[in-house]
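Dumping the structure here so I can ask a few things about it.
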2 protein chains.
Amino acid sequence: MSYLYFVVYLNHKRSPIEMFSKKCEYGIRAAILIAGESLKGQRISLKYISEQIGSPNAFTAKILQTLTRAGLVDSQKGPTGGFEIPIEKLSQITLHDIVEALDGSQIYNGCGLGLAECSEDHPCPIHEHFKLVRADLKAMAHRANLLDLSTGLIKGFTYLKTACPKKIKFIKDKKVLNSITE
Amino acid sequence: MSYLYFVVYLNHKRSPIEMFSKKCEYGIRAAILIAGESLKGQRISLKYISEQIGSPNAFTAKILQTLTRAGLVDSQKGPTGGFEIPIEKLSQITLHDIVEALDGSQIYNGCGLGLAECSEDHPCPIHEHFKLVRADLKAMAHRANLLDLSTGLIKGFTYLKTACPKKIKFIKDKKVLNSITE
DNA sequence: AAAATTCGGGACAAAATTATCCTTTTATAC
DNA sequence: GTATAAAAGGATAATTTTGTCCCGAATTTT
């Protein structure tokens, strides 16, 4: 007698194309979490961060190193150490700052078709069409700051981790299922 | 006696993050070129396409296969063969159709932070901020069609290839320079 | 001082994207 | 028919992105 079980697992792979790289997505999520905890006077560890935002631990460590070196986040070693952002800086740090540090500003400045030379004088076919999109994205990234982004989180209005899985795989064999879910 | 030479070369590597994948960029450029030539009653070959849009030949072949299988482009084998798009279909095929076939629609539908579950009811912190950008991008991609995109090209108002190089590398040694540029 | 905890950073591994090579198939022209 | 020109498609390689492992450095607690 065999049953149909299903096992669910998160995947960390970047979908064919998203707006930001995985590095940047994790970085933004981490920064918002740190911002929220900093507002509450808490310093938080890498372990806690990767648990809360559902990101791979060691990869997140590299990203936080980058943000720390960029001066966007403060780090402290040793027990009781961790990451934090001074409250007074929260409203000054924008989404743009995070993206710039991790992905660069190609996304708002580059040509939509990847041409090196694409400008008003020498436009690609979608140059005009792309203007508005790029301008919106750029304005949004400069407007959104860590204070605003983290208050929604603290109030429970927004979320940083998906409760729902990305990939669902069906497994008939109970033993196989248990070997994966144990 | 040594001089300072510089050698210039195009790079086909995707920058850290752009709006579309390289595959999609080449696909869009190829489709617009084919559209323009089709308007002039010409069928064009892979070789001509990759020369005109400055894309790697074999990679472009794969992309055109995908577009052909998706029914967006017609292909014909043999001498005088090549790629074309029936004129009457040009205004019906949108940027969205090309992107959808090559990259999927994740870019306008997916969460900006990569969360699997991100919606009005369970939003990520940047969900509201991203709405406008995504909507603009989606609307633009549905609005822009191959007829419009290719007429600018035919009239010489827009370009599909960069005259200007992406990377510049300085090389002092004349022998090294010659070995590269020969 | 020793132990424990946490970040820093180098080396390495896996996966996805980007790109190349080469053979087969199909159609045209001679 | 034969040669030729072009797309189709399989296999493979290079590069980049994503992710892991492990050890060292710094800081706090005991």
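Lettering follows sequence order; numbering is per chain, from 1.
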Checklist entry - Which atom pair, heavy atoms only, marks the closest approach of A/R29 to A/G54? => result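 In terms of heavy atoms, the two residues are closest at NH2-O, 4.1 Å.
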Checklist entry - Which nucleotide, D/dA7, D/dC21, C/dT20, lies nearest any side-chain atom of A/A58? => result D/dC21
Checklist entry - Taking side chain as C-beta onward, heavy atoms only, is A/M140 less than 4.5 Å from A/L137? => result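 Yes, close enough: below the 4.5 Å cut-off.
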Checklist entry - Rounded to whole angstrom units, what separation is found between the CG atom of B/L46 and the C1' atom of C/dT26? => result 16 Å
Checklist entry - Among pairs that include at least one residue of residues 51-62 of chain B, which meet salt bridge (Lys or Arg N to Asp or Glu O under 4.0 Å), considering only residues two or more places apart or in two chains? => result B/K47-B/E51
Item to check | Non-neighbouring partners of A/A70 that pass side chain to side chain contact (heavy atoms under 4.5 Å, CB included), sequence neighbours left out | outcome: A/L72, A/A101
Next on the checklist: Under the rule for side-chain hydrogen bond (donor to acceptor under 3.5 Å, both in side chains), what residues qualify as partners of B/T94, not counting sequence neighbours?
Outcome noted: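 Testing B/T94 for side-chain hydrogen bond (donor to acceptor under 3.5 Å, both in side chains), a comparison that skips the adjacent residues, returns B/D97.
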Checklist entry - Is there a residue in residues 70-81 of chain A whose heavy atoms reach under 4.0 Å of DNA chain D, and which residues are they? => result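 Residues of residues 70-81 of chain A that come under 4.0 Å of DNA chain D are, in numerical order, A/Q76, A/K77, A/G78, A/P79, A/T80.
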Checklist outcome for this item: Applied to residues 138-149 of chain A, the side-chain hydrogen bond (donor to acceptor under 3.5 Å, both in side chains) test, sequence neighbours excluded, yields A/N109-A/K138, A/N145-A/D148
Checklist entry - For the pair made of CG in A/L67 and C1' in C/dC7, what is the distance, rounded to whole Å? => result 14 Å
Item to check | A/T68 or B/K23, whichever maps to the more 5' nucleotide of DNA chain C | outcome: A/T68
Atom pairs under 3.5 Å, N or O on each side, protein against nucleotides 9-11 of chain D: can you list them with distances?
residue, atom, partner, partner atom, Å
D/dG9, OP2, B/R69, NH1, 2.9
D/dG9, N7, B/Q65, NE2, 3.1
D/dG10, N7, B/K62, NZ, 3.2
D/dG10, O6, B/K62, NZ, 2.6

Checklist entry - How close or far is atom C1' of D/dA8 from atom NZ of B/K47, stated in whole angstroms? => result 19 Å
Item to check | side chain to side chain contact (heavy atoms under 4.5 Å, CB included) against A/T60, all qualifying residues, sequence neighbours excluded | outcome: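 Scan of A/T60 (side chain to side chain contact (heavy atoms under 4.5 Å, CB included), adjacent residues dropped) gives A/L46, A/I49, A/S50, A/S55, A/L64.
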Checklist outcome for this item: B/I44 atom CD1 is separated from D/dA5 atom P, nearest whole Å, by 19 Å
Checklist entry - What residues, two or more places apart in sequence or in another chain, satisfy side chain to side chain contact (heavy atoms under 4.5 Å, CB included) together with B/P86? => result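 Side chain to side chain contact (heavy atoms under 4.5 Å, CB included) check on B/P86 returns B/D74, B/E88, B/K89.
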Next on the checklist: Using the side chain to side chain contact (heavy atoms under 4.5 Å, CB included) criterion, which residues pair with B/T66? Sequence neighbours excluded.
Outcome noted: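 Side chain to side chain contact (heavy atoms under 4.5 Å, CB included) list for B/T66, sorted by chain: B/L102.
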Next on the checklist: Is there a side-chain contact between A/Y26 and the phosphate of D/dG19, meaning an N or O under 4.0 Å from OP1 or OP2?
Outcome noted: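 Yes, within the criterion.
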Checklist entry - Expressed in angstrom and rounded to an integer, what is the separation of B/F20 atom CZ from C/dT17 atom P? => result 16 Å
Item to check | Whole-Å distance separating the CD atom of A/Q42 from the P atom of C/dT6 | outcome: 13 Å
Next on the checklist: Rounding to an integer number of Å, can you tell me how far B/N57 CG sits from D/dA6 C1'?
Outcome noted: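 To the nearest whole Å, that distance equals 11 Å.
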Show me, pair by pair, the donor-acceptor contacts under 3.5 angstrom made by side chains of residues 33-45 of chain B, not counting sequence neighbours?
residue, atom, partner, partner atom, Å
B/E37, OE2, B/K40, NZ, 3.2
B/S38, OG, B/I34, O, 2.8
B/S38, OG, B/I85, N, 2.9
B/S38, OG, B/I85, O, 3.4
B/R43, NE, B/E84, OE2, 3.2
B/R43, NH1, B/T80, O, 2.9
B/R43, NH2, B/E84, OE2, 3.2
B/S45, OG, B/Y48, N, 3.2

Checklist entry - Starting at CD1 of B/I63 and ending at P of D/dA7, how long is that distance when rounded to a whole Å? => result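 Roughly 14 Å, once rounded to whole Å.
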Next on the checklist: Between the opening five pairs and the closing five pairs of the helix from C/dA1-D/dT30 to C/dC30-D/dG1, how far apart are the helix axes, to 10°?
Outcome noted: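 Angle reported: 0°, given to the nearest ten degrees.
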Indicate every side-chain donor-acceptor pair of residues 124-134 of chain B with a distance under 3.5 Å to a residue at least two apart or in another chain.
residue, atom, partner, partner atom, Å
B/H127, NE2, B/E120, OE2, 3.1
B/E128, OE1, B/K131, NZ, 3.4
B/E128, OE2, B/K131, NZ, 3.1
B/K131, NZ, B/E120, OE1, 3.3
B/K131, NZ, B/E120, OE2, 3.2
B/R134, NE, B/Y108, O, 3.3
B/R134, NH1, B/G110, O, 2.8

